[in-house]
Amino acid sequence: MDKLFDIIHEDAELLVINKPADLVCHPTKGDEYSSLISRVRLHLGVDSKPHLANRLDRETSGVTMVAKTPAVAGELGRLWETRVVEKEYVAIVHGHVGAEQGLIDAPLGKDEQSIVAIKDCVRADGAAAQTEFWVERRFGAPVCGSARSNNVTETGRVGDRRSVKKDFTLLRLLPRTGRKHQIRIHLAHLGHPIVGDKIYGGDADLYLALVEGRLTDEQRARLILPNHALHASALRFEWRGQSVEFRCEPEPWFKDFVSS
């Protein structure tokens with residue numbers, strides 16, 4: 001049997017998982033491996049009734065909590081509703097972020113101009129949203145040159161497919177609110193979209209190409225990484241009178257890119 005997921009913690013009531021990137025939380029297909037919750041049922045047994053306390057986007061990896069019983073699901077749900085759960089993320093973004101730390105305070109709502117139905121954007125009449133960030137590392141990394149790019153590569157020729165060095169930043173992030181796609185939108189609004197983001201990276205057709213099964217090698221090269229580089233690294237909260245923290249590391253492709 002294929003590996004279902006990495007377990008961070010498990011007891012009689014809780015299962016905490018490092019969700020792989022490129023895995024939806026809830027089923028979209030019949031395949032028992034195609035969603036996180038279906039894999040959880042394989043792990044816990046056919047009579048189990050697991051409930052996800054938090055959900056991550058398909059390409060976002062990281063800490064995901066599962067309640068094993070309806071009663072525990074209710075307890076965790078009340079914690080999330082009162083916003084006492086602190087969520088920490090790390091992300092790799094394009095460019096060197098200038099400030100060492102900052103707070104992005106920008107309301108979010110539906111992007112009515114986008115060809116992507118699920119896309120939101122910063123808009124004045126949107127719901128309040130705040131994301132705090134800290135620079136962990138600024139670095140440069142070699143990426144494949146694109147035939148459509150005007151970048152001059154190390155060979156000195158325009159459009160060469162050999163590597164060209166570009167600037168990136170590793171950020172640590174604490175979302176103070178929990179809006180849909182909040183971190184991804186806020187970082188793009190800051191002028192530093194997440195590497196590999198197919199919706200908010202500047203060309204929304206990349207997302208349509210993905211879902212329609214027509215993503216080309218050239219488009220994949222432009223995305224640089226196989227998934228968007230956003231990882232839910234930690235959850236912290238009070239659980240039955242004790243402070244708890246669940247933490248996990250990003251996947252190898254993420255860490256390797258930062259250290260490249």
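Each residue takes its place number in the sequence, starting with 1.
At most 12 heavy atoms of other shown residues, nucleotides or ligands fall within 6.0 angstrom of atom CD in Q113. Around CG of D125, the count of heavy atoms belonging to other residues, nucleotides or ligands within 6.0 Å exceeds 12. Counting non-hydrogen atoms of neighbouring residues, nucleotides and ligands closer than 6.0 angstrom, the NZ atom of K110 exceeds 12 such neighbours. No more than 12 heavy-atom neighbours from other residues, nucleotides or ligands sit within 6.0 angstrom of NZ on K165.
Side-chain atoms of D205 do not come within 3.5 Å of backbone N or O of L208 as any donor-acceptor pair. No side-chain donor-acceptor contact under 3.5 Å links D57 to the backbone of T60. Checking side-chain atoms of S259 against main-chain N and O of F257 turns up no donor-acceptor pair under 3.5 Å. D203 contributes no side-chain N or O that, together with a main-chain N or O of K198, makes up a donor-acceptor pair within less than 3.5 Å. When atom types are taken as modelled, the side chain of E59 and the backbone of H228 share a donor-acceptor pair closer than 3.5 angstrom. With Y89 contributing its side chain and P175 its backbone, the two residues share no donor-acceptor pair below 3.5 Å. Of the possible polar contacts, one joining the T169 side chain to the G95 backbone as a donor-acceptor pair under 3.5 Å is found. Put simply, the side chain of S114 never gets that close to the backbone of K119: no donor and acceptor are under 3.5 Å apart. Judged purely by atom type and a 3.5 angstrom limit, K19 uses its side chain to pair as donor or acceptor with the backbone of R58. N54 places a side-chain N or O within 3.5 Å of a backbone atom of M65 that can act as its donor or acceptor partner.
The closest side-chain donor-acceptor pair between E251 and S61, if any, does not fall under 3.5 angstrom.
No continuous path of hydrophobic side-chain contacts links W134 to V195 [ILVMFWY only; heavy atoms under 4.5 Å]. At a threshold of 4.5 Å between side-chain heavy atoms, the hydrophobic network of Ile, Leu, Val, Met, Phe, Trp and Tyr places L223 and L225 in two separate groups. One hydrophobic cluster holds both F246 and V84 under the rule that ILVMFWY side chains link at heavy-atom gaps under 4.5 Å. Hydrophobic clustering of Ile, Leu, Val, Met, Phe, Trp and Tyr side chains at less than 4.5 Å, counting indirect connections, keeps I224 apart from L206. Both L56 and L230 are part of a single hydrophobic cluster, where members link through side-chain heavy atoms under 4.5 Å apart.
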Can R41 and L4 be said to form a side-chain contact (heavy atoms from CB on, under 4.5 Å), step by step? CA-CA 10 Å; R41 292 192 185 102; L4 297 173; over 6 Å; no
Working note: Q130 + I104, criterion side-chain contact (heavy atoms from CB on, under 4.5 Å); need CA distance, chi angles, decisive distance, verdict. CA-CA 5 Å; Q130 297 87 32; I104 307 168; over 6 Å; no
Using the rule given for side-chain contact (heavy atoms from CB on, under 4.5 Å), can you reason through V24 versus I37, listing the C-alpha separation, both sets of side-chain angles and the distance that settles it, and then say yes or no? CA-CA 9 Å; V24 294; I37 196 67; over 6 Å; no
Mind running side-chain contact (heavy atoms from CB on, under 4.5 Å) on V135 and R137 for me, showing each step along the way? CA-CA 6 Å; V135 169; R137 184 185 174 198; 5.8 Å; no
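The two residues K255 and P250 come nearest to each other via the heavy atoms CE-O, 3.5 Å. What you find for L76 and A67 is that their closest heavy atoms are CD1-CB, 4.0 Å. In plain terms, the two heavy atoms of P50 and V66 that are nearest each other are CB-CG1, 3.6 Å. Among all heavy-atom pairs drawn from F133 and L173, the shortest one is CB-CD2, 3.8 Å. The two residues A232 and C248 have their closest heavy-atom pair at O-SG, 3.9 Å. For the pair H26 and S35, the tightest heavy-atom approach, listed with the atom from each and the gap, is C-CB, 3.5 Å.
Counting only heavy atoms from C-beta outward, the side chains of R220 and L215 approach each other to under 4.5 Å. By the 4.5 Å heavy-atom criterion applied to side chains, V164 and K166 are counted as neighbours. The side-chain heavy atoms of V40 and H51, taken from C-beta on, include no pair separated by under 4.5 Å. A 4.5 Å side-chain heavy-atom check between I17 and L15 finds at least one atom pair inside the cut-off. The closest side-chain heavy-atom distance from L187 to L171 is below 4.5 Å.
Separating the NE2 atom in H231 from the CD atom in E88 is a distance of 9.5 Å, to the nearest 0.5 Å. Distance check: E238 CD to T82 OG1 gives 11.5 Å after rounding to the nearest 0.5 Å. Of the inter-residue distances, the one linking E245 atom CD with I8 atom CD1 reads 10.5 Å to the nearest 0.5 angstrom. Annotation: the span from I183 atom CD1 to Y200 atom OH amounts to 12.5 Å, rounded to 0.5 Å. To the nearest 0.5 Å, the span separating CZ on R39 from SG on C25 amounts to 11.5 Å. Atom NE2 of H192 and atom CD1 of I194 lie 12.5 Å apart (nearest 0.5 Å).
Applying the side-chain contact (heavy atoms from CB on, under 4.5 Å) test between H181 and each of I118, D197, L108 identifies I118 as the sole match.
The aromatic rings of F237 and W80 are tilted relative to each other, their planes meeting at an angle between 30° and 60°. Between H94 and F168, the ring-plane angle classifies as tilted under the 30° and 60° cut-offs.
Listed by first and then second residue, the salt bridge (Lys or Arg N to Asp or Glu O under 4.0 Å) pairs involving residues 62-81 are E10-K68, E75-R240 (not counting sequence neighbours).
With respect to the salt-bridge test (charged N to carboxylate O, under 4.0 angstrom), the residues R123 and D120 do not qualify. Using a 4.0 Å cut-off between charged nitrogen and carboxylate oxygen, R176 and E86 count as a salt-bridge pair. A salt bridge links R138 with E100: at least one charged nitrogen is closer than 4.0 Å to a carboxylate oxygen.
The six-membered or imidazole ring of H43 lies near that of F5, with a centre-to-centre distance under 6.0 Å.
Among residues two or more places apart in sequence or in another chain, the side-chain hydrogen bond (donor to acceptor under 3.5 Å, both in side chains) test is passed with T177 by Q182.
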